[in-house]
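In what follows, a single structure is set out as C-alpha cells and then discussed.
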Amino acid sequence: MDVARAVALATLGLLACAPAQHRYEERLERVPAPAAHAAHGERLVELMRGLDRLAGERLPRALDLEAAQAGRREEIVEVARAIAASAARIPEAVDELALEASERAAFLAAAATLRERALGLAEHAPELEIDALRVRTAELEATCAGCHERFRIGR
C-alpha cells in the first residue's frame, strides 16, 4: 500500500468518526459552501417567517395573560385586605347580636380566622402559583360562607 493511499484511508477513517456537526461545518467550508446553503435557503426563509408569525401571535397572548393574572392578583390582595379590615371590626358589633356565650365565642373565633386567612392571602398572593392562589381564595370564601351559614340573621 502506498503512503498516499494509507493517508487517504486514515483521513477517511477520522472523518467517519468525527461528530456530525463537525463534518457538516467542514462541508460548508469547502468551495461549494454557498450552494449548500442555497439548497436550504427557501426552507430557512419559510421557517423564519413561521417563527416571526409565532412570536407575533403567541408571545403577546402569553404576556397579556401574565398581565391579566397580575391584575387579578392585585384585586385579590385588595379584596383580602378589605375583608381583613371588616373582620377586625366584627368584635365591635358582637354586643349588638343576641348570642349565647358559646355562640359569641364561636362567632369571635370565626371572625379571627377570617381575618387571619384574609391577611395571609393578601400577603402571599403576589408570590403564589396560580393553582395555590385559587386554593387559598377558595379557602377564604369557604370561611366567609361557613360563618354566614351559621350566624347570618334570617337563615
Side-chain angles (χ1 to χ4, degrees), residues 15-30 32-155:
L15 285 176
C17 295
Q21 181 65 31
H22 180 69
R23 289 193 310 261
Y24 174 74
E25 289 171 3
E26 283 182 350
R27 277 198 325 261
L28 291 179
E29 290 175 3
R30 294 185 193 140
H37 281 295
H40 301 288
E42 289 178 25
R43 179 69 177 141
L44 289 173
V45 168
E46 180 184 331
L47 290 171
M48 292 305 291
R49 283 187 186 142
L51 182 61
D52 288 343
R53 180 182 50 77
L54 289 172
E57 289 178 8
R58 296 205 176 148
L59 289 179
R61 287 185 190 153
L63 295 175
D64 288 345
L65 180 60
E66 288 177 23
Q69 287 177 350
R72 290 288 186 181
R73 286 175 195 275
E74 290 172 10
E75 287 179 48
I76 289 170
V77 168
E78 287 177 33
V79 169
R81 285 184 180 149
I83 289 171
S86 292
R89 298 191 65 189
I90 288 173
E92 298 169 11
V94 79
D95 291 333
E96 297 173 18
L97 303 174
L99 298 174
E100 296 176 11
S102 63
E103 284 184 317
R104 178 185 169 102
F107 188 73
L108 291 174
T113 299
L114 176 62
R115 183 172 187 277
E116 183 180 302
R117 285 192 176 161
L119 288 174
L121 179 58
E123 179 182 347
H124 297 290
E127 69 224 22
L128 289 174
E129 294 291 326
I130 196 72
D131 290 336
L133 184 59
R134 284 186 181 125
V135 168
R136 296 282 293 272
T137 302
E139 288 173 351
L140 183 59
E141 289 178 47
T143 302
C144 291
C147 190
H148 287 206
E149 285 176 21
R150 183 166 180 193
F151 296 105
R152 191 159 230 170
I153 298 172
R155 49 188 159 127

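Here the structure is a predicted model, which is why all the values come from computation and not from measurement.
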Practice problem: Could you name each residue pair satisfying ring pair (Phe, Tyr, Trp, His ring centres under 6.0 Å) that touches residues 79-100, not counting sequence neighbours? | Solution: none
Practice problem: If a pair satisfies ring pair (Phe, Tyr, Trp, His ring centres under 6.0 Å) and one of its residues is in residues 80-115, list it, with sequence neighbours excluded. | Solution: F107-F151
Practice problem: Output all residues satisfying side chain to side chain contact (heavy atoms under 4.5 Å, CB included) with E139, sequence neighbours left out; order by chain, then residue number. | Solution: V135, R136
Self-check item: Residue pairs fulfilling ring pair (Phe, Tyr, Trp, His ring centres under 6.0 Å) with at least one residue in residues 66-85, sequence neighbours excluded
Solution: none
Quiz prompt | From L140 atom CG to T113 atom OG1, the distance as rounded to the nearest 0.5 Å | solution = 11.0 Å
Quiz item: How close do A110 and C147 get, heavy atom to heavy atom, and via which atoms?
Solution: CB-SG, 4.1 Å
Quiz item: Residues in side chain to side chain contact (heavy atoms under 4.5 Å, CB included) with A87, at least two apart?
Solution: I90, L114, R115
Exercise. With sequence neighbours excluded, give me every ring pair (Phe, Tyr, Trp, His ring centres under 6.0 Å) pair touching residues 69-98.
Key: none
Exercise. Any pair with a residue in residues 70-83 that passes side-chain hydrogen bond (donor to acceptor under 3.5 Å, both in side chains), sequence neighbours left out, goes on the list, sorted by first then second residue, please.
Key: none
Quiz item: Got a sec, which residues hit side chain to side chain donor-acceptor pair (under 3.5 Å) with R117, two or more places apart in sequence or on another chain?
Solution: T143
Quiz item: Of all heavy-atom pairs between V77 and A122, which one has the smallest distance, and what is that distance?
Solution: CG2-O, 3.6 Å
Please list every donor-acceptor pair under 3.5 Å in which a side-chain atom of residues 124-131 meets a protein atom from a residue at least two apart or in another chain.
| residue | atom | partner | partner atom | Å |
| --- | --- | --- | --- | --- |
| H124 | ND1 | E127 | OE2 | 2.9 |
| D131 | OD1 | R134 | NH1 | 3.4 |

